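Have a look at the structure below, then the notes.
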Amino acid sequence: MIKFYNTLTKRKEEFSPIEEKIVKLYTCGPTVYDLAHIGNFRAYVFEDLLYRYLEFRGYKVIRVMNITDVDDKTINGAKSKGISLREYTDRYIKIFIEDMERLRLKKPDYMPRATEHINEMVEIIKKLLKKGYAYYKDGSIYFSISKFPSYGKLSGIDLSSIKVGARVDKDEYEKEDVKDFVLWKKVKEEEGVWWDTEIGRGRPGWHIECSAMSMKYLGESFDIHTGGVDNIFPHHENEIAQSEAATGKKFVNYWLHCAHLLVNGEKMSKSKGNFYTLRDLLNKGYNPIAIRYLLLSTHYRDPLNFTENSLKQAENTVKNYNEFYRGLNICGYEKYNPEIKKEIEKAKEGFIEYLDDDLNISPALSSIFSLIKKVNIFFSKGEFGRDNVKEVREFIEDIDKVLCIIEKKEESLSEDILNLIKEREKARKEKDYKKADEIRNVLKEKGIMLEDTPYGTRWKKN
RNA sequence: GGCCUGGUAGCCAAGCGGGAAGGCAGCGGUCUGCAAAACCGCUAUUCGCCGGUUCAAAUCCGGCCCAGGCCUCCA
């Protein structure tokens, strides 16, 4: 039984999808005006864990991740480069997808672009106008919060206490109520970006795209909607208002939000300039799998303070984990140890029990590390057979559908090197340790490490 | 000002009423021809501070301190 902490009810709740065994999942995606930083990727890694774990538990998951390719930042970015909005955002979408691949983020079933769903947005706005939830003011269209009594139910915000920001956009002065939000922005000729639609010439506000694209691909009511905590208000609050006002139905059952990535104790953000992009870290030589592991290994609702030191720790963990996995290759014993199967079952139960509990990853990983230790003990005692190798590998591969931290390398050695290894083994048997050590050193310089085990000599590439 | 989160060993991080998981790093040992890997042991009499409730609190309650977030675009 899976439980999730639902921001809407502020409680952990048993998860039960609308349609049995099918989960419809909407995850707020990037605004493609620049490189995403790893704070952004924390959210996407969390969503990846959610996506993969639901599949691991036997659900068919239909996942949408939107691409915001029209807003102030993308428009300004394209303008300053002197290229079209499309050309500009295409560039960053391509980079974003490459970054996702580096972090092994499973591609969502749909990655719709806002600019390709203007009609769907217009339809919702028309409904809202017709039902009296929206109004025109000076060519723009706003949502009237006062018409939607449950406004604030997600964020728990008290409308009367909202402090109106000092920076107020010019057309926001035109709203009936400062707290109302824009659905459709009247054209600004100088921006050079607009659509001619039934509701006028202009471009969409930010929030409406998520309502339009989620409902198009997932239906008017769906199971899970995720994002960073900074999206709770106003973005998700507004999505609920406009969607539920338009359809009269409950929009989303479970709202999951992940905490921020901090750097030196502060939120990592573009505006603070304290961010690392994935590329920054890769250029410094860090392993993307370790970055994935680091972002994955802290519970998603806890703030994660990012440091290069913790990334180095993560690298070691990933390295050890992979060496364990690869080291399973060699084992000469014929006998089968039934205890190992029991330990695998125990580890699997732990893994599922904890991840079922609101994706509580730390103890879930802990149960895997306990298994590794047990296996190592059996291994070094020589109580580990060939079929045990197979079952442990299969288990590690199975949970790797969720974790995705195994680095499968095409590992093969040239004839020459294999012969050298054989030669060294022969020398060792003949107690010619000088020669054996020489060969070991030669191979070490080529990045091939040798380890003598009770089962024979094994090698690994650095 | 309102709402919210976190403060557990050198670092990261579980536990949320009754034995302080796990990872990384370090030290000592076992194994090994030597290594490597692995294993064993050690590394928090104590969980930000002060009170309270309780037979019993890291866990509940009250107060305080520190750090951070949201209330404006933001994952």
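In what follows, chains carry the letters A, B, and so on, assigned in the order in which the sequence lines appear, proteins first and then strands, with residues in each chain numbered from 1. Keep in mind that what you see is a predicted model, and the values were worked out from it rather than measured.
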Quick one: are A:E191 and A:R203 in side-chain contact, heavy atoms under 4.5 Å?
yes
What's the closest nucleotide to the side chain of A:R428 if the choices are B:rC34, B:rA13, B:rA25?
B:rC34
B:rG6 pairs with, by Watson-Crick or G-U criteria that keep both distances under 3.5 Å
B:rC66
Paired with B:rU59: which nucleotide, if any, by Watson-Crick or G-U wobble criteria at under 3.5 Å for both distances?
none
Can you find a pair of side-chain heavy atoms, one from A:I2 and one from A:E14, that are under 4.5 Å apart?
no
Least distance between heavy atoms, A:I38 atom then A:T277 atom
CG2-C, 4.2 Å
How about A:K341 and A:Y336: do any of their side-chain heavy atoms sit closer than 4.5 Å?
yes
pair_partner(B:rC39), Watson-Crick or wobble, both distances < 3.5 Å, evaluates to B:rG29
Does A:Q313 contact B:rG23 through a side-chain donor or acceptor facing the base, at a distance under 3.5 Å?
yes
Counting only side-chain nitrogens and oxygens, does A:N316 get under 4.0 Å of the OP1 or OP2 atom of B:rC11?
no
Check the surroundings of atom NZ in A:K3: do more than 12 heavy atoms from other residues, nucleotides or ligands lie under 6.0 Å from it?
no
Tell me which nucleotide among B:rG10, B:rC34, B:rG6 gets nearest to the side chain of A:D452.
B:rC34
Does B:rC40 have OP1 or OP2 sitting under 4.0 Å from an N or O in the side chain of A:K373?
yes
Selection: residues 267-274 of chain A, any non-hydrogen atom under 4.0 Å of RNA chain B
A:K267, A:M268, A:K272
For B:rA75, does OP1 or OP2 lie under 4.0 Å from any side-chain N or O of A:N231?
no
Side-chain polar contacts of residues 444-451 of chain A - donor-acceptor pairs under 3.5 angstrom, sequence neighbours left out - could you list them?
residue: A:E451; atom: OE1; partner: A:R458; partner atom: NE; Å: 2.9
residue: A:E451; atom: OE1; partner: A:R458; partner atom: NH2; Å: 3.2
residue: A:E451; atom: OE2; partner: A:K460; partner atom: NZ; Å: 2.9

Nearest listed nucleotide, side chain of A:F369, among B:rC39, B:rG22, B:rA75:
B:rG22
Checking the side chain of A:T7 only, and the main-chain atoms of A:W255 only, is there a donor and an acceptor separated by less than 3.5 Å?
yes
Give a yes/no answer on whether the side chain of A:N320 brings an N or O atom under 4.0 Å of OP1 or OP2 in B:rC24.
yes
By nearest atom, which of the nucleotides B:rU72, B:rA75, B:rA14 is closest to the A:H37 side chain?
B:rA75
Does a distance-only test, which skips hydrogens and angles, find a donor-acceptor pair under 3.5 Å between the side chain of A:N305 and the base of B:rG68?
no
Return the 5'-most residue of the pair A:M449, A:T307 with respect to RNA chain B, ranking by each residue's nearest nucleotide.
A:T307
Output yes if the stacking criterion (under 5.5 Å between centres, under 30° between planes) is met for A:Y433 over the base of B:rG33, else no.
yes
Please report the distance separating the C1' of B:rC24 from the corresponding atom of B:rA9, rounded so that it comes out in whole Å.
13 Å
With RNA chain B as reference, determine whether A:R440 or A:Y44 sits nearer its 5' end, using the nearest nucleotide of each.
A:R440
